[in-house]
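Please read the structure below before turning to the comments.
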Amino acid sequence: MRAHITEMVHQALGYLKRDGELPSDLDPVLTVEHTRDPAHGDYACNIAMVLARPLKRKPRELAELIVRRLPESRRVARVEVAGPGFLNFHASPHHLRMVVREILDEGQRFGQQPVGSRPPVLLEYVSANPTGPLHVGHGRGAAYGASLASLLEAAGHPVQREYYVNDFGRQMDILAVSVWLRYLELCGETVRFPDNGYRGEYIIEIARAVRARHGDDMRHGRVAVEEDLPADGEHGGDQEQHIDALIDRARQLLGEQGYQACFAAALDIMVEDIRTDLAEFGVEFDRWFSERQLTESGRIEAALKRLDSAGWLYRKDGALWFKATELGDDKDRVVVRENGRSTYFASDLAYLLDKLDRCSGTSLYIFGADHHGYVPRLKAAARGLGEDPDRLDFQLVQFAVLYRGGEKVQMSTRSGQFITLRELREEVGNDAARYFYVMRSHEQHLDFDLDLAKSRANENPVYYIQYAHARIHSVFRQLEERGLRHNQAIGEAALGLLESEHEQSLLRELARYPELIESAADARAPHRIAHYLHSLAAQFHAYYNASVFLVDDDDLRNARLNLVGAVGQVLANGLTLIGVGAPEKM
RNA sequence: GCCCCGGUAGCUCAGCUGGAUAGAGCGGCCGCCUCCUAAGCGGCAGGUCGCAGGUUCGAAUCCUGCCCGGGGCACCA
């Protein structure tokens, strides 16, 4: 509809230019938007105000001129000049009738553009290190990413969903050693656990699984394990040196094969845990991209070679550096360490290149807010690799803080004192968790009120929306119980009977859903869907309380059922986008 | 010091990429079930859009400076 009105205005301008009433070289930027106040019609256009200055004419006068030349449209009932010079367009009853018909005919596809009508997007999200279970912070990234993926798809972008698995590097070694030490404990050895190790209960469970698979094969005595290790932090030594030495010791005692078996077991179990956790949360991926494979396939070398031949690498202090500063970053970055191992950033380079090769459109990153420093770095990387940095899009998800009983729930990762995503889901349920995570703008800190999320009362927005959907289904059940059937054709013919304020505002609200999908997708803002649904539900509840739908009059009843059915459909479609269920009964 | 996000009603937040008289939920107060689910509805109260300049027909929205809160600035991952 917005496009339709824009076209109408352009036509009018064309006539005026042809007739010499406006200069022919005119090419103004005009906007058509939804009005907030129904008194201003359904859509407003600012063209007259935009033209007023360059033409040195009064906006209202220009507005009158344009209105007179607007082409006829069945979807527009009338156009008025209002306020400082707005063109206010009133949608025709025909237009609103068409919207209801479209909703009922298209069903769950209503609001969606054909996939492929917009450029593809490769969306990477969550990508938490598989060194422990997901916590509530990851949950927000997961809910946001999954909702955004659905939203982009609905707007017509082909979407590839990816999880980048950091299955390589020192953190994973620390995980493997932590598991091994717990395993030794299970075998009956008394070994000291390093300050820097992963302490969570889950490590013991992984160790148990390793023991079930490998028996006592990996058992070594305490002396062999701890002999001659540098002191740990607790004993006045260096934590990092201590744990590195411990990793080396594990490699020696277990042999490379044995060590890899332990490492692989820990990794498999962790990744599988994350995968099922997310799947239960309705968050799925098309691909789990392994960092290790990136290394082994030589793509890091390839990316570095490309940077080098473009002259962006240099050697200093024994390390290989990327001249990021010259490409917009605030400092140069090491890509190969003094010890010859490539850095995490080198993997990022290779992955970036791989993504851009596989997706002709945009590579969209969802980061936690603490990763914002990566943005200039990766843009510099794209430039250095000879790629267009505008093909990268970064969305930063701010932190979520849990509140229980009005008190902030304290969490710290190190000590293993954190609430996992799984615990959160069990406490408040998947629907509430998904909704609460996306109901706020992702770039806004989130106060997650556990008590509110658990509440089964009207104050909980999730139930409020779901209740509206359930009520609608209940109406249709009642209809059948009374031995009646809904006749859509009769309803459509009688849609003109829906003249009450509630009915009109519901029709207007439904009509803007497809445009909401578009603008929310462009703004990467699924929270707008959440707000829209709440508003639609509110209007429905008001309507429900004000009118009886199942009246004796066939025309009126069917017309109302068309409207109510359409509301139910749009509620279900929107809830699906943000991963929340649309129950038919509550 | 530099960078990112935020500051809008008592609280939590929207504000559709610059529009018309700034909105919702919660909390507070007053009402509404012989009727399709009261997990609902109606009403009242509540505002210096952090502060100061600037840009323009028009600013909560864009620019600059300052104040406050959160986060980040590794040859860690």
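Computed over heavy atoms, backbone and side chain alike; hydrogens, waters and symmetry mates excluded. Every chain is numbered from 1, with letters handed out A, B, ... down the list of sequences.
Within 4.0 Å (heavy atoms only), A:Ala470 reaches at least one base atom of the nucleic acid. The residue A:Ala44 sits close to a base: some heavy atom pair falls under 4.0 Å. If you check every strand for non-hydrogen atoms under 4.0 Å, A:Ser519 touches sugar and phosphate atoms only. No contact: A:Tyr532 has no heavy atom under 4.0 Å from any strand. Across all strands shown, A:Asp317 has heavy atoms under 4.0 Å from base atoms, whether or not it also approaches the sugar-phosphate.
Across all strands shown, B:A24 forms a Watson-Crick or G-U wobble pair, both distances under 3.5 Å, with B:U12. The partner of B:C73 is B:G1, by the rule that a Watson-Crick or G-U pair needs both atom distances under 3.5 Å. Pair assignment for B:A52: B:U64, on the basis of Watson-Crick or G-U wobble contacts that are both within less than 3.5 Å. In this structure B:G42 sits in a base pair with B:C30, meeting the Watson-Crick or G-U test at under 3.5 Å.
A close approach under 4.0 Å does not occur between any side-chain nitrogen or oxygen of A:Arg377 and OP1 or OP2 of B:C73. Look at A:Arg440 and you won't find any side-chain N or O under 4.0 angstrom from OP1 or OP2 of B:A14. At the phosphate of B:U21, neither OP1 nor OP2 sits under 4.0 Å from any side-chain N or O atom of A:Arg36. For the OP1/OP2 pair of B:A74 and a distance below 4.0 Å, the side-chain nitrogens and oxygens of A:Lys331 include at least one atom meeting the criterion. OP1 or OP2 of B:G15 has at least one side-chain nitrogen or oxygen of A:His527 nearer than 4.0 Å. An OP1 or OP2 oxygen of B:C41 is reached within less than 4.0 angstrom by a side-chain nitrogen or oxygen of A:Tyr464. The side chain of A:Arg471 places an N or O atom within less than 4.0 Å of a non-bridging phosphate oxygen (OP1 or OP2) of B:A38. Residue A:Gln444 places at least one side-chain N or O under 4.0 Å from the OP1 or OP2 atom of B:A14. Within the 4.0 Å cut-off from OP1 or OP2 of B:C57, at least one side-chain nitrogen or oxygen of A:Arg53 is found.
A distance of about 26 Å separates the P atoms of B:C4 and B:A59, rounded to the whole Å. Between B:A22 and B:C49, the two P atoms lie 10 Å apart (nearest whole Å). Rounded to the nearest Å, the gap between the P atom of B:G43 and that of B:G25 is 10 Å. Remark: the separation of the C1' atoms in B:G58 and B:G19 is 7 Å, to the nearest Å. A gap of 14 Å separates the C1' atoms of B:A60 and B:G6, to the nearest Å. The same atom, C1', is picked in B:C73 and in B:U12; the two are 31 Å apart, to the nearest Å. Nucleotides B:C62 and B:C16, compared at atom P, are 10 Å apart to the nearest Å. A gap of 38 Å separates the C1' atoms of B:U64 and B:C76, to the nearest Å.
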- [ ] Evaluate the side-chain hydrogen bond (donor to acceptor under 3.5 Å, both in side chains) criterion for residues A:Thr131 and A:Gln171: first the C-alpha distance (whole Å), next the side-chain angles of each, then the deciding distance (0.1 Å), finally the verdict.
- [x] CA-CA 7 Å; A:Thr131 51; A:Gln171 291 304 316; 5.8 Å; no
- [ ] Given side-chain hydrogen bond (donor to acceptor under 3.5 Å, both in side chains), test A:Tyr464 with A:His534 step by step and report yes or no.
- [x] CA-CA 8 Å; A:Tyr464 183 83; A:His534 195 270; 5.5 Å; no
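Remark: A:Arg512 engages A:Glu509 in a salt bridge, criterion side-chain N to carboxylate O under 4.0 Å. Salt bridge present: A:Arg170 and A:Glu240 bring a charged side-chain N and a carboxylate O closer than 4.0 Å. The existence of a salt bridge linking A:Glu296 and A:Arg292 is confirmed by a sub-4.0 Å separation between a basic side-chain nitrogen and an acidic carboxylate oxygen. A salt bridge does not link A:Asp332 with A:Lys316: none of the charged nitrogens is closer than 4.0 Å to a carboxylate oxygen.
Annotated as anti: B:C41, whose glycosidic dihedral deviates from 0 by more than 90°. In textbook terms, a nucleotide whose glycosidic angle is within 90° of 0 is syn, and B:U17 is one such case.
Side-chain N/O atoms of A:Asn46 and base N/O atoms of B:A20 include no donor-acceptor pair closer than 3.5 Å. Contact of A:His372 with B:G71 (side chain to base): a donor-acceptor pair of N or O atoms is detected under 3.5 Å.
Side-chain contact between A:Asp273 and A:Pro133 is present, with heavy atoms from C-beta onward closer than 4.5 Å.
Across the interface with RNA chain B, nearest-nucleotide mapping of A:Met172 and A:Glu33 shows A:Glu33 to be the residue nearer the 5′ end. Along RNA chain B, the nucleotide closest to A:Arg482 and the one closest to A:Asp447 are compared, and the more 5′ of them pairs with A:Asp447.
Look at A:His40 and the base of B:A20; the rings stack, centres closer than 5.5 Å and planes less than 30° apart.
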